[in-house]
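For reference, the structure is listed below as structure tokens.
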Amino acid sequence: MLKLRDIRKTRGEGPQRYSLVVPRLDLRPGQRLALVGPSGSGKSTLLDLLALVLSPDPGGVFECRADDRTLDVAGLWRSGRQDVLAGLRSRVMGYVLQTGGLLGFLDVQRNIGLSRALLGLPADATVRRLAEQLEIADQLHKLPAALSVGQRQRVSIARALAHGPSIVLADEPTASLDPLNAERVMQLLVAQAEERGVCILVATHDEALARRAGLQLHPLQVQRGADGGVTATLAGGG
């Protein structure tokens, strides 16, 4: 679904330089992957590239397979085709933020259904079914402020899956949870993705949790260059 070869993203210069290097990464249906590394290693930068919200540097190959055709993502960025990129994001991607990213003025049911509503998908049983599977069916008419942190993360997972994406990206989805809730939320995320044949990529600093969840680890290896800047290189991206 996504194919990256020799993709880079650089910010700053000299000692303030940060460079992310992706020699190779393929995201395929049903994969369960973990992007692991300490804070500041570039996990969120890579997720933003994959979510098509951050443009790569010129060069390399970045392709997306969608709607039975292969699209040149790098070329779309170069030609300023934000409309096509936005369409891909809304259809192909689901995103789980560290803090849930829920809209406080919408109840749980409408937060989960938001991705479907924006795409004009029908209001069917999908939202309730996801809520039941993620053990939040009794919270559907509550506002996010009335939920626990763990419940908000489950709502965020349901919203990311509701429109039937091909890829779900999760940025430290368990970082703000206690160990017991972190384990449960990770298990639910992996189980729901597996049931739907969705590719998931979870960015996390908790390597042990990722291993227990059965995720394939892809570490970011960080080195300081002669200019004092930092280069993070993705390992194991095949």
Side-chain angles (χ1 to χ4, degrees), residues 1-28 31-62 64 73-74 77 89 93-101 149 153 156-157 160 167-179 181-183 185-186 189-190 193 199-238:
M1 294 177 292
L2 286 184
K3 174 182 176 180
L4 285 74
R5 298 289 186 274
D6 299 319
I7 290 295
R8 303 177 66 97
K9 182 63 182 181
T10 299
R11 294 187 173 106
E13 297 179 351
Q16 304 303 315
R17 177 187 60 79
Y18 168 81
S19 297
L20 172 67
V21 180
V22 184
R24 176 188 178 96
L25 179 62
D26 293 294
L27 298 187
R28 306 184 185 93
Q31 284 182 313
R32 293 175 292 170
L33 311 175
L35 180 63
V36 296
S39 297
S41 60
K43 298 189 298 294
S44 294
T45 298
L46 179 51
L47 287 189
D48 285 345
L49 281 170
L50 298 176
L52 313 181
V53 298
L54 182 67
S55 63
D57 294 344
V61 174
F62 191 165
C64 178
V73 172
W77 277 113
R89 283 195 298 270
M93 304 290 177
Y95 210 120
V96 183
L97 297 171
Q98 179 176 335
T99 56
V149 177
Q153 286 304 87
S156 182
I157 291 170
I167 300 169
V168 170
L169 306 171
D171 191 2
E172 296 279 7
T174 62
S176 56
L177 303 178
D178 62 81
N181 269 310
E183 197 85 33
V185 165
M186 186 68 83
L189 170 59
V190 172
C199 174
I200 59 168
L201 177 62
V202 180
T204 179
H205 65 274
D206 193 337
E207 184 174 326
L209 176 60
R211 288 185 184 279
R212 290 195 300 274
L215 303 180
Q216 180 183 352
L217 303 187
H218 292 269
L220 277 168
Q221 299 170 343
V222 181
Q223 292 182 320
R224 190 166 295 279
D227 62 354
V230 169
T231 298
T233 302
L234 180 69

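This is a predicted model, so every value here is computed, not measured.
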Worksheet item: Taking Gln16 for the side chain and Gly228 for the main chain, is one N or O donor matched with an acceptor at less than 3.5 Å?
Response: no

Item to complete: Flag the pair Asp48 / Asp171 as yes when at least one side-chain heavy-atom distance between them is below 4.5 Å, and no otherwise.
Response: no

Worksheet item: Is Ser19 close to Val230 at the side-chain level, that is, under 4.5 Å between some pair of heavy atoms?
Response: no

Worksheet item: Counting N and O atoms only, with roles assigned by atom type, does the side chain of Asp57 sit under 3.5 Å from a partner on the main chain of Thr10, one being a donor and the other an acceptor?
Response: yes

Discussion item. Any non-hydrogen side-chain atom of Leu220 less than 4.5 Å from a side-chain atom of Leu35?
Written reply: yes

Worksheet entry | Shortest non-hydrogen contact from Ala182 toward Leu177 | N-CB, 3.8 Å

Worksheet item: Are Arg212 and Asp206 close enough for a salt bridge, meaning some N to O gap below 4.0 Å?
Response: no

Item to complete: Sequence neighbours left out, what passes side-chain hydrogen bond (donor to acceptor under 3.5 Å, both in side chains) with Ser41? Give chain and number order.
Response: none

Item to complete: Run the numbers on Asp178 and Val149 for side-chain contact (heavy atoms from CB on, under 4.5 Å), then give the verdict.
Response: CA-CA 10 Å; Asp178 62 81; Val149 177; over 6 Å; no

Worksheet item: How long is the span from the CD1 atom in Ile157 to the CE atom in Met186, to the nearest 0.5 Å?
Response: 8.5 Å

Item to complete: Using modelled atom types only, decide if a donor and an acceptor are shared between the side chain of Lys3 and the backbone of Phe62 within a distance under 3.5 Å.
Response: no

Worksheet item: When you look at Cys64 and Met1, which way does the side-chain contact (heavy atoms from CB on, under 4.5 Å) test go after all the steps?
Response: CA-CA 5 Å; Cys64 178; Met1 294 177 292; 5.8 Å; no

Worksheet item: Any sub-3.5 Å donor-acceptor pair from Glu172's side-chain atoms to His205's backbone N or O?
Response: yes

Worksheet item: Looking only at heavy atoms, which two atoms of Ala170 and Leu47 are closest? And how far apart?
Response: O-CD1, 3.7 Å

Worksheet item: Is there side-chain contact between Thr174 and Leu209, with at least one heavy-atom pair below 4.5 Å?
Response: yes

Worksheet item: What is the distance from atom CG of Leu20 to atom OG1 of Thr45, rounded to the nearest 0.5 Å?
Response: 6.5 Å

Practice prompt. Please name the pair of heavy atoms, one in Val96 and one in Pro173, separated by the smallest distance, quoted to 0.1 Å.
Written response: CG1-CB, 4.0 Å

Worksheet item: To the nearest 0.5 Å, what is the distance between CD (Gln153) and CG (Leu97)?
Response: 8.0 Å

Fill in: Value rounded to 0.5 Å, distance of CG in Leu201 from CG in Leu215
9.0 Å

Worksheet item: Once you round to the nearest 0.5 Å, how far does CG of Leu27 lie from SG of Cys199?
Response: 4.5 Å

Worksheet entry | Side-chain heavy-atom pair Asp26, Arg5 within 4.5 angstrom cut-off | yes

Practice prompt. Tell me, with the steps shown, if Arg17 and Thr231 meet side-chain hydrogen bond (donor to acceptor under 3.5 Å, both in side chains).
Written response: CA-CA 8 Å; Arg17 177 187 60 79; Thr231 298; 3.0 Å; yes

Item to complete: Without swapping roles, check the side chain of Lys43 against the backbone of Pro38 for a donor-acceptor pair under 3.5 Å.
Response: yes

Item to complete: Begin from the C-alpha positions of Val202 and Leu189 and carry the test side-chain contact (heavy atoms from CB on, under 4.5 Å) through to its verdict.
Response: CA-CA 10 Å; Val202 180; Leu189 170 59; 4.0 Å; yes

Practice prompt. Run the numbers on Val53 and Arg89 for side-chain contact (heavy atoms from CB on, under 4.5 Å), then give the verdict.
Written response: CA-CA 8 Å; Val53 298; Arg89 283 195 298 270; 3.4 Å; yes

Worksheet item: Would you say Ile200 and Leu33 make side-chain contact, with heavy atoms under 4.5 Å?
Response: no

Worksheet item: Taking the side chain as C-beta and beyond, is there a heavy-atom pair between Leu2 and Leu50 under 4.5 Å?
Response: yes

Fill in: Non-neighbouring partners of Arg211 that pass salt bridge (Lys or Arg N to Asp or Glu O under 4.0 Å), sequence neighbours left out
Glu207

Discussion item. Using only atom types and a distance under 3.5 Å, with no angle test, would you say the side chain of Arg11 pairs donor to acceptor with the backbone of Tyr18?
Written reply: no

Worksheet item: Do Arg8 and Val22 come within less than 4.5 Å of each other through their side chains, counting heavy atoms only?
Response: no

